[in-house]
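The next block holds one structure in the form of structure tokens; read it before the comments.
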Protein chains: 4
Amino acid sequence: MTEKQQSIVNSALKLFADKGFDAVPTSAIAKDAGVSEGLIFRHFQNKVGLLNAIMQMGKEKIADNVSEILALNTPEARVTAIMEIPFYIAEEDYPFWKLVYSLKWQNDYYDDEMSKPMKDILISALVEMKYIDAESEADLILSYLDGFATTILLKGEVVDKNKLLQTLRKKYK
Amino acid sequence: MTEKQQSIVNSALKLFADKGFDAVPTSAIAKDAGVSEGLIFRHFQNKVGLLNAIMQMGKEKIADNVSEILALNTPEARVTAIMEIPFYIAEEDYPFWKLVYSLKWQNDYYDDEMSKPMKDILISALVEMKYIDAESEADLILSYLDGFATTILLKGEVVDKNKLLQTLRKKYK
Amino acid sequence: MTEKQQSIVNSALKLFADKGFDAVPTSAIAKDAGVSEGLIFRHFQNKVGLLNAIMQMGKEKIADNVSEILALNTPEARVTAIMEIPFYIAEEDYPFWKLVYSLKWQNDYYDDEMSKPMKDILISALVEMKYIDAESEADLILSYLDGFATTILLKGEVVDKNKLLQTLRKKYK
Amino acid sequence: MTEKQQSIVNSALKLFADKGFDAVPTSAIAKDAGVSEGLIFRHFQNKVGLLNAIMQMGKEKIADNVSEILALNTPEARVTAIMEIPFYIAEEDYPFWKLVYSLKWQNDYYDDEMSKPMKDILISALVEMKYIDAESEADLILSYLDGFATTILLKGEVVDKNKLLQTLRKKYK
DNA sequence: GATGAATGAGAATTCATTCAT
DNA sequence: AATGAATGAATTCTCATTCAT
């Protein structure tokens, strides 16, 4: 990926995360990226192609996450790690996650791809832990995860993330 | 509000919730509502005015919710009721809540107004219950709430809501 | 003409004179006149009909002017009177004349009707005064008239009308 | 300025001069100019931006006029030259001046900028010529100028411009 | 006579996308 | 690869006009 390509992706990600995919004209992306509008289409075919490229890059990050979690020894550790994912998102990755969460509400395409691997890991961990209704238990934990993500990504400046994590951990001693 | 005005609001709410505010042209709303496009602007000034009207109507619903919860006797009951709100949203109100949640991600204007009263109730209930860090505790519960809302509104057809609630309650017996 | 009809005409005249016929929506007229938009069409058929009604009323005023001038004894007095017409327009008639002058530039329909009688009087007066090229002389005087009208109607607050008239008269002792 | 940009400006000037700014849709300009409607907005932002561009180009023409007049040796020559400006407007510049004069009547924004330099030259010439009330004298001459412009631009085909100028000069021999 | 809801045509503007250079 | 002019379809919004009450 050339420097300009990267610049387009960065600008698009920032703007999409901020205003939503549909609210961002390609002209705004080109301007922010300091390139001509035509270049976006030469590199990414069309606006959706640009979105796909962004999501593709994100998925690779997620794959890394998944393997880290799989590397944990106990099922308990794996479950906890998943639930606490939002607390460990690097600030530089906030735009990507904001975009993922905003797309959830309009488009189920990306969502499944993102959460499916986590759900699979969760269920097998919970089965290993002898939970009777592992699926419902998994859904509950994924709900927590979504809730924490929502809070952290949207109220990052208002809510004390670390205190929140502490409070959470006390419950799950 | 005339019949046609109501029809516009209904169609807009449905479409906004489904595709997102920015992805719905006013022509689509008019068509769905069976009115001329101009009428939207005559009644609501502009597209944002229409959105505002929808949100205004929703806020009244929320106010009702708030007073119901305040009517509960014990702080424990109030806390539980808030956390479980998403499980009790009527299906006919799903579009409104989907819209609220989707707007959160591009526009924090409405959000504060929505969650502020709940947070206030939570904090005073938690103080009454002698929690040391009531604020963090409240944030945690509101995070749960957002997570449950996300799951129920988005995966309503895939996830068994009642089972999920049962699983949740077992934890907070 | 009923009170509301008069109110419509007044508002329309004021707004047309100020912003130009094409720049004034009928909705603005209705609002300013304090009547419903439909009423304009009931009384005047359409927007052009309203303009015609205004111009018709103005023409009657002009006819009065014409007879006053015809009543003057000497041809010199008549010529002078015509040239000085703009200096004697009542302030309340400014909007009407501004409208006439603004329409000149888009629409030759009204202009002829307004200036034709004056030109006829001028020519016969000038013939009587033994001018060789009465027509050119008349055009020159009508040009003066237009110039004074332009100055007085547009720069009424900036230019001292009376001083200007004095200066003019010194030339034509 | 590209060829198409120039074509837009030409068409707009012609149509605005003819029918008035508010009466000309951008679609008509695009059609006349043989370009897509969108191009107008890409180059000039909006309809008013197009008008501004036209006026800006015209002001440069005026500046040329002003310097020519300033180059004249005697104050008498300068005064006469200003008064006679309308007689020397090139036919190709008629549309621009028609536009200026038609805008005067709804919008005084441009007017001052146009006539101010002329008034300044006039006053200093008249002072040099020992006129007691130079300002009023200047206003009178500017009124003449406006009158001649009105006649020539609007009745150019009906009135004999040269004869009129002759008649005028006889007065000011 | 009077209102105000409603319409439909059209006007200004936006925007994804193409294309010559 | 990169630009920027250009397009055409859509989109938001306006406005004269009609019509039921």
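Hydrogens, waters and symmetry mates are skipped; everything else that's a heavy atom, side chains included, is used. Each chain gets a letter, A, B and so on, in the order its sequence line appears, and its residues count up from 1.
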Contacts of E3(B) and L39(D) projected onto DNA chain E by closest heavy atom; the upstream (5') one is E3(B)
In whole angstrom, give the distance that lies between atom CD of Q5(C) and atom P of dT3(E). 13 Å
Check whether any side-chain N or O of H43(C) sits under 4.0 Å from OP1 or OP2 of dG1(E), and answer yes or no. yes
Side chain to side chain contact (heavy atoms under 4.5 Å, CB included) filter on S27(B), not counting sequence neighbours, yields P25(B), E37(B)
Sequence-distant partners of S7(A), side-chain hydrogen bond (donor to acceptor under 3.5 Å, both in side chains), two or more places apart: none
Any side-chain N or O of S36(D) under 4.0 Å from OP1/OP2 of dA9(F)? no
The side chain to side chain contact (heavy atoms under 4.5 Å, CB included) partners of Q6(B) (sequence neighbours excluded) come to M1(B), V9(B), N10(B), M57(B)
So which protein nitrogen or oxygen atoms get under 3.5 Å of nucleotides 17-21 of chain E's nitrogens or oxygens?
| from | atom 1 | to | atom 2 | distance (Å) |
| --- | --- | --- | --- | --- |
| dT17(E) | OP2 | K47(A) | N | 2.9 |

Using side-chain hydrogen bond (donor to acceptor under 3.5 Å, both in side chains) as the criterion, list what pairs up with K31(A), not counting sequence neighbours. none
Not counting sequence neighbours, which residues clear ring pair (Phe, Tyr, Trp, His ring centres under 6.0 Å) with Y101(A)? List them please. W105(B)
Among all residues two or more places apart in sequence or in another chain, which pass the ring pair (Phe, Tyr, Trp, His ring centres under 6.0 Å) test with F41(B)? none
Whole Å only: how far is the NZ atom of K31(A) from the C1' atom of dT3(F)? 17 Å
Scan the side chains in residues 12-19 of chain B for donor-acceptor partners under 3.5 Å anywhere in the protein, sequence neighbours excluded, and list what turns up.
| from | atom 1 | to | atom 2 | distance (Å) |
| --- | --- | --- | --- | --- |
| K14(B) | NZ | D32(B) | OD1 | 3.2 |
| K14(B) | NZ | D32(B) | OD2 | 3.0 |

Round to the nearest Å and state the distance from Q6(B) atom CD to dA6(E) atom P. 12 Å
Just how large is the angle between the end axes of the helix from dA2(E)-dT21(F) to dT21(E)-dA2(F), five pairs per end, to 10 degrees? 10°
Grab the CD1-C1' distance between I29(C) and dA16(F) for me, whole Å please. 11 Å
Specify the separation, in whole Å, of atom CZ of F44(C) and atom P of dA16(F). 15 Å
Taking ring pair (Phe, Tyr, Trp, His ring centres under 6.0 Å) as the definition, give me every residue that meets it alongside F44(B), ordered by chain and number, with sequence neighbours left out. none
Does the salt bridge (charged side-chain N to carboxylate O under 4.0 Å, His left out) test come out yes or no for K116(A) and D111(A), once each step is laid out? CA-CA 8 Å; K116(A) 189 69 174 32; D111(A) 187 31; over 6 Å; no
Provide, to the nearest angstrom, the distance between the CD1 atom belonging to I40(D) and the P atom belonging to dA12(E). 9 Å
What pairs with Q56(C) under side chain to side chain contact (heavy atoms under 4.5 Å, CB included), at least two apart in sequence or on another chain? K59(C), E60(C)
In residues 9-25 of chain D, what residues come within less than 4.0 Å of DNA chain E, judged by heavy atoms? V24(D), P25(D)
Give, for atom CG of L50(D) and atom CD of Q45(D), the distance between the pair rounded to the nearest 0.5 Å. 11.0 Å
OP1 or OP2 of dG4(E) under 4.0 Å from side-chain N/O of T2(B): no
